[in-house]
Each structure stands twice: as C-alpha cells, then as structure tokens.
Undergrad: 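To start, I am sharing the structure in question, which I have written as structure tokens.
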Protein chains: 2
Amino acid sequence: MTTSPPGNGPGDLGDLGDLSGDELVRVLATLANPHRLRVVAALARERMYVSELARALGISRALLQVHLRKLEAAGLVTARVEVSQDGKAMKFYEVNRFAIELTPEAVEAAERTLTPPGDGPGGETKGSK
Amino acid sequence: MTTSPPGNGPGDLGDLGDLSGDELVRVLATLANPHRLRVVAALARERMYVSELARALGISRALLQVHLRKLEAAGLVTARVEVSQDGKAMKFYEVNRFAIELTPEAVEAAERTLTPPGDGPGGETKGSK
DNA sequence: GGCATGTGCTAACTTTTCTTGGCATGTGCA
DNA sequence: TGCACATGCCAAGAAAAGTTAGCACATGCC
C-alpha cells in the first residue's frame, strides 16, 4: 500500500501488515509522545539538522537526541550526515514514509504475532539467574 | 469513515481527523502495551466479562482492571454491567469501532492541535486558575 | 587565542507506568 | 454456614521513561 518502491531502506515501514505485534507496539509507543510527535511533524515539512530542530522546537539538544534515537530505532525517521560548505558536519533527519491503519481488526491481527507473555529478556524456564 | 451511525456513543472514536493531537497521543499510548493490545484483540473476537477475560489472558484481575480502565478512558472499549440469570453482576466489555490512520501527514495535522509545550497542569501563560 | 556553531556522551534525578498482594462486598448453592 | 465466583479499591515496591546539566571534540572566523 505504501508507495515505497522495491528498494526499501532498512528503516522503512510498510503497511501495518508488515509489522509484527512487537514492532507495532514499539512504533505506537514511540509516536505516543508530544515531543516526538512534534519532531515527526516538523520533519514531515522539511528535513533539518539536530541543532536547528532543537531550536525550532524549543528543547535542548540532549533531550532531542534521545527522542530522535527512539524515532530512528522505530524506523520512523532516518539520519544522514552531510558536511556543509564551511566544513561543519551536520546531521540531517528526515521522516520515512509510513502508513499504519489502526482498527480493532488490525490490532487483532497484530496480537497474533506478539511475543508470548513472559517470554521476554532472559527467558525463565531455565535458570538465567 | 467509521460506520458508526449518528447516535455515536460517548466513547466512540471516529476517524483520525476527529482526534485532537492530545487525544491521539493518549490513544497511541494506550495501545502501545502488549497487555492492552491483547485485551483489544480478545474483545474484538467476542465480548467478555472481567474475570473471564483475566483467565483468558492469564493475568490477575487487579492488573486487568487497570488496563481496562485505560482502554475505557481512551474510548477504545466500553463496559456494560449485566446481571446473569443466577443473580451475579457481570461487567462485560466490548471494543468500540475505531479507525486511525497513521502517516506523516496525519501526524503533522494532529501536531497542530497539540497542547503547546509547558502548557500542561499548572498553566502559566494565562491565568486559567 | 577566544568565541560561535556543529556533534556526541553519560551520570543522576524526577516522574510516570506497571504489577503484585491483600482485603472488602455481594449472590447462589450444597 | 462455608465455598465458589463476581466486583472493587488501595498501598507499595519495581521498572521504565523523560529531562537536565555538564563535559568533550571539531571547524570556521575575527
């Protein structure tokens, strides 16, 4: 559904069908934050480099970086380092196209691919501790 | 877009366009949890009462109740108390139909209706209190 | 050199969310 | 009466997320 051509980047998100339940949870959790929502909105209008974005949003670089990382980890944005004419290395970010449809049916489908409860980190059946 | 007829219940969610940025954040945050995703999925298949749902999901009632409350607060599910033939009061839950489309454009639109930064609880710029 | 701008990182604190466990109430039934 | 099952609420600890503050490094320019 998403118009992305065959050569999909590693961070590109296709339709909801492409996302496992766990990935969906991560994407939703990532988007469920005012700061990150603003970042996505700002980048949807035009790509920007970190400091520039921080100023535009009125937040510290440190804070912005944390959010940008989560957005990147969720595959919602992509970073690209470019060296400006005056030699400064700027890190530009841009949004990845994504289209997720959220409906009870979609949720039900995603749930089927969720990692079973208590099946997380260490695993418990064996003596991890 | 959602098929809900005019008489929409108070908890019904229409299209994304109907949600303010803040509401969207809440809905996403609510859905961004494995337990709650499972609850929605289970209820999408068939309505169930609390204890029954807890057994089906293999979690405690106390825990389930917390999640059900958030889901209800977000308008994703609705509770209905019914007295069974043997006099027991059962609280049935069912999912509300909702359809949210998540795309960079939709996010940008939602962002415009977000409560401005640092405009939360206390409120400082104006004298709301 | 000193200042401005760009980047990155981490330790530490605060706040929020998640989860558990216990306790209380009410009804039907053997 | 005592057991089974339904509901509700709350205190408290554990875990995760959000933020701040400070320091480090590089480059261009007056």
Side-chain angles (χ1 to χ4, degrees), chain A residues 22 25-39 47-74 77 79-93 114-115 117-122 124 128-129, chain B residues 22 25-39 47-74 77-93 114-115 117-122:
Chain A
D22 300 294
V25 169
R26 175 177 298 180
V27 171
L28 295 183
T30 303
L31 250 20
N33 174 293
H35 282 323
R36 291 193 287 267
L37 214 56
R38 288 200 187 84
V39 169
R47 43 173 274 168
M48 288 192 257
Y49 57 92
V50 186
S51 295
E52 182 184 18
L53 224 195
R55 281 191 295 268
L57 300 178
I59 64 179
S60 71
R61 272 194 1 270
L63 178 56
L64 176 58
Q65 265 183 339
V66 175
H67 290 308
L68 280 174
R69 255 179 235 176
K70 291 202 172 185
L71 285 167
E72 191 169 18
V77 304
R80 203 184 306 278
V81 178
E82 286 176 34
V83 181
S84 63
Q85 298 185 310
D86 52 320
K88 302 262 181 66
M90 337 272 278
K91 195 167 190 179
F92 281 87
Y93 274 91
L114 267 180
T115 298
D119 208 59
E124 72 250 45
S128 62
K129 185 179 54 186
Chain B
D22 300 293
V25 169
R26 175 178 298 181
V27 171
L28 294 183
T30 303
L31 251 18
N33 174 293
H35 282 322
R36 291 193 286 266
L37 215 57
R38 288 200 186 85
V39 170
R47 43 173 272 167
M48 288 193 256
Y49 56 93
V50 186
S51 295
E52 181 185 17
L53 223 195
R55 281 192 295 268
L57 300 178
I59 63 178
S60 71
R61 270 189 8 265
L63 179 56
L64 176 59
Q65 265 184 340
V66 175
H67 290 309
L68 281 174
R69 256 179 232 178
K70 292 203 171 187
L71 286 167
E72 191 170 17
V77 304
T78 297
R80 201 185 307 275
V81 179
E82 286 176 33
V83 180
S84 63
Q85 297 185 310
D86 52 318
K88 302 263 182 67
M90 336 270 280
K91 195 168 191 180
F92 280 88
Y93 274 91
L114 265 181
T115 298
D119 209 59

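First the proteins, then the strands, lettered A, B, ... as listed; each starts at 1.
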Undergrad: What is the minimum heavy-atom distance between A:A29 and B:A32, and which atoms define it?
TA: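 Closest approach of A:A29 to B:A32, heavy atoms only: N-CB, 3.3 Å.
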Undergrad: In Å and rounded to the nearest 0.5 Å, what is the OH to NZ distance from A:Y49 to A:K88?
TA: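 Answer for the OH-NZ pair, A:Y49 versus A:K88, is 8.5 Å.
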Undergrad: Can you check whether A:Y93 reaches A:E72 side chain to side chain, under 4.5 Å on heavy atoms?
TA: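 Yes. Closest side-chain heavy atoms under 4.5 Å.
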Undergrad: Report the distance from atom NZ of B:K88 to atom C1' of C:dT25, rounded to the nearest whole Å.
TA: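 Rounding to the nearest Å, NZ of B:K88 and C1' of C:dT25 are 14 Å apart.
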Undergrad: Would you give the length of the straight line joining atom CD of B:E52 to atom CG of B:L57, rounded to the nearest 0.5 angstrom?
TA: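 Between B:E52 CD and B:L57 CG, I get 10.0 Å after rounding to 0.5 Å.
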Undergrad: Please work out which residues in residues 79-87 of chain A have a non-hydrogen atom less than 4.0 Å from an atom of DNA chain C and list them by number.
TA: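 Under 4.0 Å from DNA chain C: no residue of residues 79-87 of chain A.
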Undergrad: Could you give the CD-to-C1' distance, from A:E52 to C:dT5, as a whole number of Å?
TA: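 Distance, rounded to whole Å: 13 Å.
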Undergrad: Taking only residues two or more places apart in sequence, or in another chain, which ones meet B:R26 in a side-chain contact (heavy atoms from CB on, under 4.5 Å)?
TA: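 B:R26: side-chain contact (heavy atoms from CB on, under 4.5 Å) contacts with B:T30, B:A74.
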Undergrad: What's the CE-C1' distance between A:M48 and C:dT7, to the nearest Å?
TA: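 That distance rounds to 18 Å.
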Undergrad: Please give me the minimum heavy-atom distance between A:P34 and B:V25, naming the atom from each residue.
TA: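 What the structure gives for the nearest pair is CD-CG1, 4.2 Å.
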Undergrad: Between OG1 of B:T78 and CZ of B:R80, what distance do you get to the nearest 0.5 Å?
TA: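 So the OG1 of B:T78 and the CZ of B:R80 are separated by 7.0 Å.
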Undergrad: Are B:R38 and A:L114 packed together at the side-chain level, in the sense that at least one heavy-atom pair is separated by less than 4.5 angstrom?
TA: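 Counting from C-beta outward, B:R38 and A:L114 do come under 4.5 Å.
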Undergrad: What's the verdict on side-chain contact (heavy atoms from CB on, under 4.5 Å) for A:V27 and A:L31, showing C-alpha distance, side-chain angles and the deciding distance?
TA: CA-CA 6 Å; A:V27 171; A:L31 250 20; 4.1 Å; yes
Undergrad: Just how far, in rounded Å, is P of C:dG6 from OH of A:Y49?
TA: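 For the pair A:Y49 OH and C:dG6 P, the rounded distance is 4 Å.
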Undergrad: Is there a side-chain contact between B:L28 and A:N33 (heavy atoms, below 4.5 Å)?
TA: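 When only atoms from C-beta onward are counted, A:N33 and B:L28 do not touch, as no gap falls below 4.5 Å.
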Undergrad: Please set out all donor-acceptor pairs under 3.5 angstrom arising from side-chain atoms of residues 60-68 of chain B, sequence neighbours excluded.
TA:
from, atom 1, to, atom 2, distance (Å)
B:S60, OG, B:L63, N, 3.2
B:H67, ND1, B:R36, NH1, 3.0

Undergrad: Any Lys/Arg nitrogen of B:R47 or B:E82 sitting under 4.0 Å from an Asp/Glu carboxylate oxygen of the other?
TA: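 Between B:E82 and B:R47 there is a salt bridge, with a charged N closer than 4.0 Å to a carboxylate O.
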Undergrad: Counting primed atoms plus P, OP1 and OP2 as sugar-phosphate and everything else as base, spell out the protein contacts along nucleotides 8-20 of chain C at 4.0 Å heavy-atom distance: B, S or - for each nucleotide, 5' to 3'.
TA: BB-------SSBB
Undergrad: Is a donor on one side and an acceptor on the other found under 3.5 Å between the side chain of B:D22 and the backbone of B:T115?
TA: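 Side chain of B:D22 to backbone of B:T115, a donor-acceptor pair under 3.5 Å: yes, one is there.
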Undergrad: Would you write out the dot-bracket form of DNA chain D, 5' to 3', with Watson-Crick and G-U pairs under 3.5 Å, [ ] for crossing pairs, | for pairs to other strands and . for unpaired bases?
TA: ||||||||||||||||||||||||||||||
Undergrad: Reading DNA chain D in the 5' to 3' direction, which nucleotide is the first one with an atom under 4.0 Å from a heavy atom of chain B, and which is the last?
TA: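 Footprint of chain B along DNA chain D, 5' to 3': D:dC5 to D:dC9.
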